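Down below is the structure, laid out as structure tokens.
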Amino acid sequence: MEITTMAQATQLHAQLLKNPQQNHSQTLTKIFNFTALSPSGNLTYARHILNSIQTSSSNSYFHNTMIRAYSDSPDPFQSISLFLTWHNNYIDDPFSPLPDRFTYPFVFKACSKLKLKRFGRQLHGLVLKSGLGPDTYIQNALISYYSNCDQMGCARKVFDKMSDRDVVSWTSVINGFVENKRHVEALRLFEKMETEGIEVNNVTVVWVLRACAETGALSVGMKLNEIVKNRGSKMEMNVVTGLIDMYSKCGCIDSAIRIFNEASDKDVYVWTAMISGLASHGRCKEAIELFERMERCDLKPDEKTMTAVLSACRNMGWINEGLSYFDKIKKVYKFRPTVQHYGCVVDLLARSGRLDDAEKFIKSMPVEPDSVLWRSLIWGCKVHGDTYRLERLIKHVEGLEMDDYDDCGTYVLLGNVYASNGKWKNKANMRKLMNKKGLVKPSGNSRIEVNGVMYEFTAGSTCHVEAGSIYEKLDEIDEVLKDNGYDPKLSEVLLEIDDEEKASQLLHHSEKLAVSFGLIKSEPGATIRIVKNLRSCEDCHSFMKHVSRVYKREILVRDRIRFHRFRNGECSCGDYW
Ligand code: ZN
Ligand code: ZN
């Protein structure tokens, strides 16, 4: 008989207890499995069964199942506590069974949920002592555990020492690197995985696609597309979503659209990926049209869909549409707007110069505004020259409990505002404060893929092997562009230095180094794709426009927020970013 409800389970259990002389072990196992593992089971009841059989038979199967069930429960600590009791029993009674290869993976799972770093390491020691060290199943669990606890070094060590790596081992370590934002390492591992002839599964594909999307590694992404296409079977929705996201983030929005159109039975994630892609490429009207089509398919948008829709409105400066979609989140789609949604609206209002409305909007929020919101508003004040409000806001932000504002973006912006007003002393104070808090301003870096290889540049760096020719070419480009109307915006340099030094600093921003390298290395006429970690500065933006016209190249720059497609001296963002 199949057990489907707790009522059935308890009834059956009562019957067994009435006839204790018979051997019921099979039925008991069935009852126990249901109570422990089924979503409609009951862990307390399962534990009750476990406790009742403990004396009669010390069965490790029951212990393992219970530990596994706890590791998936809202209270994973129970999993560890049961393990410890079991282990201590073994020390008292060496004839009882030991925790085995089916025990440790779930205890590690519990540790990773609870982020127990020290205990996890001790447990790892125990695994080695018990002779289970070389077990692939346990090693895979260890990789996941270390990755989840931000200890990629240890995860990698376990992986490197494995003699028998299966696709799960490779996928776990790649997944770990992606989750820890070490995308380039994830891509290298994928390359190695391929050379070793290990076949990828869908989970691997999804993680590697994510790494491609983040780094702009288009050629790897295309290879993955080939791999899944050659399998011939229908693509899973998470792979479709991954491909759409990868293509849009690598600048190939048309390929993303092709994948989207080819997919059938699209779920909300697929639609959302496509809407976000269109929005980030400045094809905002299409993004909104697609969203309306999605609604007609009776699919309910989620938080991410609405972020994409609102950012489309923001990119276009559509205030009324933006506000009306924002209203619909609560009234029609019935969920609470997130801080990202508020952020889009504040940004939309601030960019269009409706600073008063933006400020009122922030103050009306039911959730605590984060630093990004204040930053959008301060940035708006700076752009629209509202110095009175700017100074008032700066005082306000400075007075806030700054520990909540621990990302350094706000400090950097305040510093920039001070610098552009020539208030060097205030800027220096800001820097001191950042140093005291141990905040480091992220340095600008740009990546470019040439012939399938990824190159990374940081502002002013000279560590590239071809640095000499890159800088030489950059000087040449600079000359040519200046003859063609390019005028460097020295005001973008925020240091107290003379103009000549400013000009050289400006010329060595990372995306300029990348474009110089791109012009040297790629075929004439080929599109140059650059991924930048920060928002582009005004000067780099104008530089790229000139390069696209003078050198007759299409240049795609993805900055932290959106895409810029430079063609023939114009940018797809319409200089609104
Ligand atoms: Zn720049
Ligand atoms: Zn642009």
Side-chain angles (χ1 to χ4, degrees), residues 216 248-251 253 277-285 287 311-312 314-317 347-348 351-352 379 382-383 409 412-413 415-416 419-420 441-448 456-461 470-471 473-475 477-478 481-482 486-495 497 499 501-519 527-551 553-577:
S248 6
K249 290 199 170 137
C250 289
I253 190 70
L278 288 167
S280 71
H281 279 265
R283 291 168 69 164
C284 301
K285 209 165 151 265
S311 67
R314 175 194 59 197
N315 291 349
M316 295 301 280
D347 209 22
L348 172 61
R351 279 157 188 244
S352 12
W379 185 79
K382 187 183 163 212
V383 170
V412 172
L413 176 64
N416 290 1
S420 57
K441 179 184 169 180
S443 58
N445 75 54
S446 295
R447 282 186 298 263
I448 179 169
E456 192 167 327
F457 296 92
T458 48
S461 79
I470 293 168
Y471 279 89
K473 178 77 178 173
L474 198 51
D475 284 336
I477 300 170
D478 191 43
L481 294 191
K482 276 178 185 155
Y486 160 66
D487 183 19
K489 280 207 166 36
L490 298 186
S491 60
E492 285 285 333
V493 182
L494 302 162
L495 294 170
I497 47 177
D499 278 0
E501 231 174 303
K502 274 188 186 173
S504 107
Q505 262 214 4
L506 203 55
L507 186 59
H508 299 156
H509 280 184
S510 64
E511 59 262 63
K512 292 190 183 110
L513 295 174
V515 85
S516 162
F517 184 70
L519 284 175
T527 302
I528 294 176
R529 294 165 209 278
I530 296 170
V531 177
K532 162 130 215 236
N533 65 336
L534 308 172
R535 208 191 261 243
S536 277
C537 84
E538 224 176 291
D539 182 66
C540 286
H541 197 264
S542 127
F543 188 88
M544 295 299 168
K545 286 206 281 193
H546 283 93
V547 172
S548 75
R549 181 173 48 87
V550 176
Y551 289 84
R553 289 290 191 116
E554 183 171 295
I555 304 169
L556 266 164
V557 178
R558 183 178 107 206
D559 71 11
R560 196 169 51 81
I561 299 188
R562 60 173 299 155
F563 264 103
H564 301 269
R565 181 183 291 269
F566 300 94
R567 217 181 334 204
N568 217 354
E570 303 277 328
C571 180
S572 60
C573 75
D575 298 337
Y576 189 80
W577 82 97

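Every value quoted in this text rests on a predicted model; they were computed, and no experiment measured them. All ligand and atom numbering here is 1-based and tracks the order in the structure. Computed from heavy atoms alone, side chains included, the values below leave out hydrogens, waters and symmetry copies.
- The closest donor-acceptor contact from the side chain of Arg558 to the backbone of Lys249 lies under 3.5 Å.
- The angle subtended at the Zn ion (ligand 2) by SG of Cys573 and SG of Cys571 is 100°, given to the nearest 10°.
- Listed by chain and residue number, Val480, Leu481, Asn484 satisfy the side chain to side chain contact (heavy atoms under 4.5 Å, CB included) test with Val550 (two or more places apart in sequence, or in another chain).
- Salt-bridge annotation for Lys512 and Asp478: absent, with no side-chain N of the basic residue lying under 4.0 Å from a carboxylate O of the acidic one.
- Ile477 has its side chain within reach of Ser516: a pair of non-hydrogen atoms, C-beta onward, lies under 4.5 Å apart.
- Within His564, ND1 is the N, O or S atom that lies nearest to the Zn ion (ligand 2).
- Applying the ring pair (Phe, Tyr, Trp, His ring centres under 6.0 Å) rule to Tyr486 yields the partners Phe543, His546; only residues at least two apart in sequence or on another chain are considered.
- When the side chain to side chain contact (heavy atoms under 4.5 Å, CB included) test is applied to Thr527, the partners found at least two apart in sequence or on another chain are Arg529, Glu554, Leu556.
- With waters neither drawn nor counted, the protein N/O/S atoms under 2.8 Å from the Zn ion (ligand 1) amount to 3.
- Using the six-membered ring where Trp is involved, Phe566 and His541 have ring planes that are perpendicular, over 60° apart on the 30 and 60° scheme.
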